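To start, the structure under review is shown below, and the notes come after it.
Note that this is a predicted model, so its numbers are computed, not measured. Letters A, B, ... mirror the listed sequences (proteins, then strands); counts begin at 1.
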There are 2 protein chains.
Amino acid sequence: MGRADTTTPANGVPSPPRPGLRERKKRRTRDALLRAALELFAERGYERTTVDDIAEAADVSQRTFFRYFGGKEEAAFFVSRMAEGHFVEAVRRRPPGEAPLDALRHALGESWDSIGDSIGHLVPLDLHMRFYRVIESTPALLAAHLRRANELEEELARVIAGREGLDVDTDPRPRVVVAVFGAVMRVTERMWSAGDDAGLPALRDLTLSYLDQVEPALSGPWRTDPDTPGNGSGTP
Amino acid sequence: MGRADTTTPANGVPSPPRPGLRERKKRRTRDALLRAALELFAERGYERTTVDDIAEAADVSQRTFFRYFGGKEEAAFFVSRMAEGHFVEAVRRRPPGEAPLDALRHALGESWDSIGDSIGHLVPLDLHMRFYRVIESTPALLAAHLRRANELEEELARVIAGREGLDVDTDPRPRVVVAVFGAVMRVTERMWSAGDDAGLPALRDLTLSYLDQVEPALSGPWRTDPDTPGNGSGTP
DNA sequence: GAGATTAGTGACAGTCGCTGACAGTTGACA
DNA sequence: TGTCAACTGTCAGCGACTGTCACTAATCTC
């Protein structure tokens, strides 16, 4: 209760008190489960990895796995969940004057930069990216991913509606813009996962470049448009 | 193999030969299972309906259910699957000169008209619409629905790419347009399922009206735009 | 510091979706 | 009419997930 467990460094900002042994143990177990899960998913695939496998790799019982994660799916998307939280916060911080699509685009650019580090604190970044590619080729994971993306869009639509002073239940436009934004993101993920460069910067660049093409792509005609290269990525 | 089983009416178009007893029995079993499934889903909800319940309601064994449908999910989306097939065909039939988004929009308008009847041949239309609203409120169903929508978009992207003479693997634009189209459809479904009018015409009108708003909604600002009503539907 | 409290865990049993194997039944066709 | 293939039911089993209960260990109380 004294000063002993509230480490306050010189900068004045009080860092959260060092958690007790129990809390640290819990964290270690969760991280071990998370890492074991992602490793197995990336190696053998999602479907061919049983919860028993994960529990055994983390040296706990199956029952314990389910105490940390609601299911296989929750473990699979634990990292993404955190990354999405960062993004939503970035959107909330954008200046109110900005047009919706610009706000989303800029927030994405910002959070991309910090997300790599945040992920690295949980699991090796490389592992996460390897797993991320598995999503696209696993129907059960893709379905879950899309459902989660849908929920995220709903949250974003409410943020956008708030910025613009609109009611999300009567005006469809906030949802439409966010849905268009999300649609481009998903196309990007698909193209990225099919490409050669599985790195995070490649995904980042592809995303931002495709977002720039939304409006041109909607207003055809396409055939007579030679100065827009077909491939929006850096690879010619 | 003679003329006896090829009923050719006066109009000259040969209707398919009347199936044998075995085939008719199969169809009856399948329809009974389908109808029982949708009825139970609409009444008790998807999750609280077991495959055993469905099989029992259709008076067959659980094993038989799985011989007709790959799983609960496949039974749930059997009707939608057929409707989607109609739509894709309508897109393929659109004149080549049309801009992609227009082709999609017009094909949708066309297939909407015939879809009601097609569904009615399988299950009561009212039942289908009641079930369709369950999707939005059932995470497992929503996930499956979104994954299926994603697959449909992939197919449409290839059709569009073919019409425009583009390669879907290097040019992101076909996928982007189709994704935007799909995004609007999903927003519509969401607004429809939250609204009062659960009928098929309401869904149809809402869809077409929202599609008209895609481009205006993308190019803000919104606040200073009094002549575009917030609610795109017919209800003021 | 010893005992009471409580969180975390493992072991076990059970449900539900789904699959493989095997045997019995029934429509199709010679 | 008898053979054959298709269709079906029964049974056994796997994997995801949940409830229960007893046991251990971190934390709290005195």
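- If you take CG of Asp59(A) and P of dA11(C), they are 11 Å apart, rounded to a whole angstrom.
- One interatomic measurement links the two molecules: CD of Gln62(B) to P of dG20(C), which rounds to 14 Å at whole-angstrom precision.
- Of the candidates dC16(C), dG10(C), dA16(D), the closest approach to any side-chain atom of Phe66(A) belongs to dA16(D).
- Within 3.5 Å, a donor on the side chain of Arg63(A) pairs with an acceptor on the base of dG19(D), or the reverse.
- Checked by atom type and distance alone, the side chain of Arg175(A) pairs as donor or acceptor with a backbone atom of Val168(A) at under 3.5 Å.
- Listed for the Thr138(B) side chain is no donor-acceptor partner under 3.5 Å among the backbone atoms of Leu141(B).
- With hydrogens and angles ignored, the 3.5 Å screen pairs no side-chain donor or acceptor of Trp192(B) with any backbone N or O of Val187(B).
- Here dA26(D) presents its P atom at 14 Å from NZ of Lys26(A), a figure rounded to the nearest Å.
- Taking atom CZ of Arg28(B) as the reference point, atom C1' of dT26(C) lies 14 Å away to the nearest angstrom.
- Across the protein-nucleic acid pair, Lys25(A) atom NZ and dA26(D) atom C1' stand 8 Å apart, rounded to whole Å.
- Picking from dT27(D), dC18(C), dA16(D) the nucleotide with the shortest atom distance to the side chain of Lys72(B) gives dC18(C).
- Defined by atom type and a distance below 3.5 Å, a donor-acceptor pair is missing between the side-chain atoms of His145(B) and Glu136(B).
- Applying the 4.0 Å criterion to OP1 and OP2 of dT9(C), one finds that Thr29(A) has a side-chain N or O inside that range.
- Remark: P of dC17(D) and CG of Asp52(A) are 12 Å apart, rounded to the nearest angstrom.
- Residue Arg67(A) contributes atom CZ, which lies 12 Å from atom C1' of dC23(D) at whole-angstrom precision.
- Atom-to-atom, CG of Leu33(A) to P of dG8(C) comes out at 14 Å; the value is rounded to the nearest Å.
- In this structure, a donor-acceptor pair under 3.5 Å is absent between the side chains of Glu74(B) and Tyr68(B).
- Here dC7(D) is the nucleotide among dG10(C), dG8(C), dC7(D) with the atom lying nearest to any side-chain atom of Tyr68(B).
- Each of Glu73(B) and Glu23(B) has a nearest nucleotide on DNA chain C; the 5'-most of these lies closest to Glu73(B).
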